[in-house]
Amino acid sequence: MQRLNEQPDPETKPHVDSLVDALPFNEKIPRRSGDVAFDHPWEIRAFSMTVALHETLGFPWTEFQQRLIAAIRQFEAEHTDLEQWSYYERWMAALEELVREKGWMSESELEHKTEEILALPANYMHQHAVREPVAVVAGASG
Amino acid sequence: MSLHHDHSTISADDRIAARVKAMEAILVEKGIIGTDAIDYMSSVYENEVGPQLGAKIVARAWVDPDFRQRLLVDATEACKEMGVSGMQGEEMIALEDTDTVHNMVVCTLCSCYPWPVLGLPPNWYKYPAYRARTARDPRGVMAEFGLELPESVEIRVWDSSAELRYWVLPQRPAGTEGWSEEQLAELVTRDSLIGVAGVASPKAA
């Protein structure tokens, strides 16, 4: 049985911290209480996907780092208001570049799948409000 | 609701969220990476993200009986008072724990979760083991998280959906008389807002 409250290995966090520390514009990474923080679920998903790809496939972290630098430079070249950039939006642009260059997926595959997902009604699986408890375990009396 | 979506209503945020989801789906489909490897990496920071907003709301409810009342009547509106919104047109209900009733939240079908209040869902929230077992054996699941309640307490399990999301208003722990809202908020954990943990009293913490 899968343990529910499983925690990551104690060595994983310092390791992931060290990957983050090696990234460009480090001071722009959103943090709360010193730790890397995310405002939207997709941000942590893009982050975790990148780290997991690096850990699983073993390509050098610098390959992502370089593409992130390039993605941020590209934003700077195209915009005048440089305060407005979002770290994870650029992160995703860099990850897309990496994934294309590695040949893992083409732009059209990604576009096609994105459209498919957008075409689903929001939370199509579980739309209706459930107003009664789904289970009640009565307390033992006396 | 129409099944055909209108592109003009899709926000930049929805679009990038869909792109991230699409990328993960393709990578997993092609066997380049497993969902569990991504879940594992997201567990590194998910606890740090924390339910700061939920904790603040709970602490306010503990010190301000009028706010507590408004929260229990209409959590969506009461959360707006605290500057917490962000889900469009979706309703939230705060479930009140008492000496005789303890509440737990699950999404039996997917992972519907009030993330503007609770932060990001923990990975286990979407595990089939949690989704299925919580409705069948809530006490067993609670025990796995280390929560043992007296036999006399009734356990109610609530199913969050896209339209109606639940979270738990836990009981204020003993030994916190005279504490400030800020101090109280420090005690509130994400797990206590889902109902798999209580709020430990400061002596035990």
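Protein chains get the first letters and strands the later ones, always in sequence-line order, with residue 1 at the start of each. Only this structure's heavy atoms are used, side chains among them; waters, hydrogens and symmetry mates stay out. Everything numeric here is computed off the predicted structure, so don't read it as measured data.
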- Atom group of B:Tyr125 that falls short of 4.5 Å from chain A, counting heavy atoms: neither
- Query: Where do B:Ser161 and A:Ala129 come nearest, in terms of heavy atoms and distance?
  - Reply: OG-CA, 3.5 Å
- Which bit of B:Thr100 is near chain A, if near means a heavy-atom gap under 4.5 Å: side chain, backbone, both or neither? neither
- Note on the structure: Rounded to the nearest 0.5 Å, the CD1 atom of B:Ile26 sits from the CD atom of A:Glu109 at a distance of 5.5 Å
- Item | Residue B:Gln171 excluded, over 12 heavy atoms near CD under 6.0 Å | yes
- So do A:Val36 and B:Val44 actually touch side chain to side chain, heavy atoms under 4.5 Å? no
- Supply the atom-to-atom distance A:Trp104 CH2 to B:Met23 CE, rounded to the nearest 0.5 angstrom. 10.0 Å
- Message: Are there residues of residues 56-75 of chain A whose heavy atoms fall under 4.5 Å of chain B's heavy atoms? If so, which?
- Response: A:Thr56, A:Leu57
- Message: Quick check on B:Gln69: does its CD atom have over 12 non-hydrogen neighbours (other residues, nucleotides or ligands) under 6.0 Å away?
- Response: no
- Message: I need the minimum non-hydrogen distance between A:Ser48 and B:Ser42, along with the two atoms involved.
- Response: OG-CB, 3.0 Å
- Message: So which residue, A:Arg131, A:Glu55, A:Glu116, ends up with the most heavy-atom pairs under 4.5 Å with chain B?
- Response: A:Arg131
- Which distance, rounded to the nearest 0.5 Å, do you find between the CD1 of B:Ile32 and the CE of A:Met105? 6.0 Å
- Rounding to 0.5 Å, atoms OG1 (A:Thr114) and NZ (B:Lys21) come to a distance of 11.0 Å
- Task: Please report the shortest heavy-atom distance between A:Val134 and B:Asp159, naming the atom on each side.
- Result: CG1-CB, 3.4 Å
- Taking atom CD of A:Glu107 as the centre, does the number of heavy atoms from other residues, nucleotides or ligands within less than 6.0 Å exceed 12? yes
- Item | For B:Val20 against A:Ala46, the heavy-atom pair lying closest together | CG1-N, 3.9 Å
- Message: With a 4.5 angstrom heavy-atom cut-off, is it the side chain or the backbone of B:Leu27 that approaches chain A, or both, or neither?
- Response: both
- Query: Between NZ of A:Lys113 and CZ of B:Arg19, what distance do you get to the nearest 0.5 Å?
  - Reply: 14.0 Å
- Query: Below 4.0 angstrom, N of the basic side chain to O of the carboxylate: do B:Asp39 and A:Arg45 qualify?
  - Reply: yes
- Note on the structure: Listed by number, the residues in residues 88-101 of chain A that come under 4.5 Å of chain B (heavy atom to heavy atom) are A:Glu89, A:Met92, A:Leu95, A:Glu96, A:Val99
- Looking only at heavy atoms, what is the nearest atom pair of B:Tyr40 and A:Thr12, with distance? OH-OG1, 2.6 Å
- Note on the structure: Residue from B:Arg156, B:Glu24, B:His102 scoring the most non-hydrogen pairs under 4.5 Å with chain A is B:Glu24
- Item | Side-chain heavy-atom pair B:Met41, A:His54 within 4.5 angstrom cut-off | no
- Tightest non-hydrogen contact, residues A:Val137 and B:Pro138, listed as CG2-CG, 3.5 Å
- Message: Are there over 12 heavy-atom neighbours, none belonging to A:Glu78, within less than 6.0 Å of that residue's CD?
- Response: yes
